[in-house]
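Structure, as structure tokens:
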Amino acid sequence: MVSIDGLGDLWDRLFSAQPDPPPLLVLLTAVAALVVVAVRTTWRVARNAVTIAHEGGHALAALLTGRRLHGIRLHSDTSGLTLSAGRPTGPGMILTLLAGYVAPSLVGLGGAVLLGGNRITLLLWVAVALLLALLLLVRNVFGALSLLITGGVVLIVSWYATPQVQAVFAWTSVWFLLLGGVRPVFELQRLRSRGRMPESDADQLAHLTPFPALLWVVVFGLVNLFALAVGAVLLAGPLLAEAGIPL
């Protein structure tokens, strides 16, 4: 049986603020995340994390709009599929389609809010909880393995790593989601221009609304760039403080 003191210690561990990271850590983690996103070899592997957030966004929107969620599939080529049932038209379907491409950046923005308050432990535990929830929804072996590996890494870092390692991991991960949420939008439009994604989220939204697919691609991009800009300001707090610029 968990004691009151034990629960209090757990509460303090989760919600207490850690010290500000060194400004150099903020800068180096941003550069590291940018390299991972920009270099094709690393991006092909790391993009799986973006796909997890993308499909999680579809799933959450489907649940919140009252659709029946049948499951998520994640594939080794970094593509994914979220299956839900309900009206094929209307606000629920539109919001479900809209949520995918903006989800990684919005998750990154949420992480930046937590890191802006130095809630590193809380961020890591929230990430573990979200990955566990997605694991219950995944319906293929590769997807389950991806979530188990990703969640296992986050859990090990949150439980066993030193505060310094946790800070590096947390800042790099959030920078990655903010930056990595932007690249798929450009990839989407490039593939669409070549006729290779006729049933993309943007094209499906165009069928359900009066607006063309290109406009929806622009909406994805603007939302993600806004999240990147706001998140970058939050993450760069220690750098701005050192430069004497208040947030």
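The model shown is predicted, which means the values in this text are computed figures rather than measured ones. Counting begins at 1 with the first residue of the sequence.
Distance check, rounded to the nearest 0.5 Å: CG of Asp201 to CD1 of Ile94 gives 13.0 Å. Between Ser146 atom OG and Asn140 atom CG the span is 8.0 Å, to the nearest 0.5 Å. Separation of atoms OG (Ser76) and CG (Leu145) is listed at 11.5 Å; rounding is to 0.5 Å. One distance of note links CH2 of Trp175 with CG of Leu115; it measures 10.5 Å at 0.5 Å rounding. Rounded to the nearest 0.5 Å, atoms OG1 (Thr96) and CG (Leu208) are 10.5 Å apart. Between the CG atom of Leu34 and the CG atom of Leu178 there is a distance of 12.0 Å, given to the nearest 0.5 Å.
Although no hydrogens or angles enter the test, the distance criterion places a donor-acceptor pair under 3.5 Å between the side chain of Thr51 and the main chain of Thr78. With His70 contributing its side chain and Ser84 its backbone, the two residues share no donor-acceptor pair below 3.5 Å. In terms of modelled atom types and a separation under 3.5 Å, the side chain of Asn48 and the main chain of Val45 share a donor-acceptor contact. Without hydrogens or angle criteria, Thr65 side chain to Ala62 main chain gives a donor-acceptor distance under 3.5 Å. Formation of a donor-acceptor pair under 3.5 Å by the Thr29 side chain with backbone atoms of Val26 is found in this model. A donor-acceptor contact shorter than 3.5 Å links the side chain of Ser158 to the backbone of Leu155. In terms of modelled atom types and a separation under 3.5 Å, the side chain of Asn224 and the main chain of Gly181 share a donor-acceptor contact. Between the side chain of Arg67 and the backbone N or O of Gly92 there is no donor-acceptor pair closer than 3.5 Å.
Under the 4.5 Å side-chain contact rule for hydrophobic residues, Val157 and Ile52 share a cluster. Two different hydrophobic clusters hold Leu137 and Leu83 under the rule that ILVMFWY side chains link at heavy-atom gaps under 4.5 Å. Leu205 and Phe211 fall within a single hydrophobic cluster, where Ile, Leu, Val, Met, Phe, Trp and Tyr are joined by side-chain heavy atoms under 4.5 Å apart, directly or via other members. Criterion: ILVMFWY side-chain heavy atoms under 4.5 Å apart, direct or through other members. Under it, Phe186 and Val219 are not part of a common hydrophobic cluster. Leu114 and Leu106 fall into different hydrophobic clusters, where Ile, Leu, Val, Met, Phe, Trp and Tyr are joined by side-chain heavy atoms under 4.5 Å apart, directly or via other members.
Val174 places a side-chain heavy atom less than 4.5 Å from the side chain of Leu123. Annotation: side chain of Val36 is not in contact with side chain of Trp43 (no heavy-atom distance under 4.5 Å). The shortest side-chain heavy-atom distance between Gln164 and Leu25 does not fall under the 4.5 Å cut-off. By the 4.5 Å heavy-atom criterion applied to side chains, Pro184 and Val50 are counted as neighbours. Contact check for Gln166 versus Thr162: no side-chain heavy atoms found under the 4.5 Å cut-off. With contacts defined as side-chain heavy-atom distances shorter than 4.5 Å, the pair Phe169/Leu124 qualifies.
If you run side chain to side chain contact (heavy atoms under 4.5 Å, CB included) between Ser200 and each of Val217, Leu188, Leu191, only Leu188 comes through. The side chain to side chain donor-acceptor pair (under 3.5 Å) test with Thr82 singles out one residue from Arg73, Arg139, Glu55, His58, and that residue is Glu55. Evaluated for a side chain to side chain contact (heavy atoms under 4.5 Å, CB included) with Phe226, the options Val230, Val223, Leu222 yield exactly one hit, Val230.
The nearest pair of heavy atoms linking Leu69 to Ala59 is CD2-CB, 3.7 Å. Taking each heavy atom of Asp203 and Ala213 in turn, the nearest pair found is OD1-CB, 3.6 Å. Taking every heavy atom of both residues into account, Thr172 and Ala33 meet most closely at O-CB, 3.9 Å. Taking every heavy atom of both residues into account, Pro238 and Pro21 meet most closely at CB-O, 3.6 Å. In terms of heavy atoms, Gly57 sits closest to Ala103 at CA-CB, 3.6 Å.
Residue pairs meeting the ring pair (Phe, Tyr, Trp, His ring centres under 6.0 Å) criterion with at least one member in residues 72-124, sequence neighbours excluded, are His54-Tyr101, Tyr101-Phe220.
A salt bridge is defined here as a Lys NZ or Arg NE, NH1 or NH2 lying under 4.0 Å from an Asp or Glu carboxylate O, and Glu187 with Arg47 meets this definition.
Between Thr209 and Trp216, the side chains place a donor N or O and an acceptor N or O closer than 3.5 Å (distance only, hydrogens not considered).
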(request) Please test Ile156 against Val153 for side-chain contact (heavy atoms from CB on, under 4.5 Å), starting from the C-alpha separation and ending with a verdict. (result) CA-CA 5 Å; Ile156 289 170; Val153 169; 6.0 Å; no
(request) Before giving the answer on side-chain contact (heavy atoms from CB on, under 4.5 Å), spell out for Glu199 and Gln204 the whole-Å C-alpha distance, their side-chain angles and the decisive distance to 0.1 Å. (result) CA-CA 6 Å; Glu199 294 299 322; Gln204 292 183 65; 4.1 Å; yes
(message) With side-chain contact (heavy atoms from CB on, under 4.5 Å) as the criterion, how do Leu147 and Leu74 come out once you've worked through the C-alpha distance, each side chain's angles and the decisive distance to 0.1 Å?
(response) CA-CA 9 Å; Leu147 288 166; Leu74 304 171; 4.3 Å; yes
(message) Between Trp125 and Trp159, does the side-chain contact (heavy atoms from CB on, under 4.5 Å) criterion hold? Intermediate values first, please.
(response) CA-CA 9 Å; Trp125 283 40; Trp159 197 259; 3.2 Å; yes
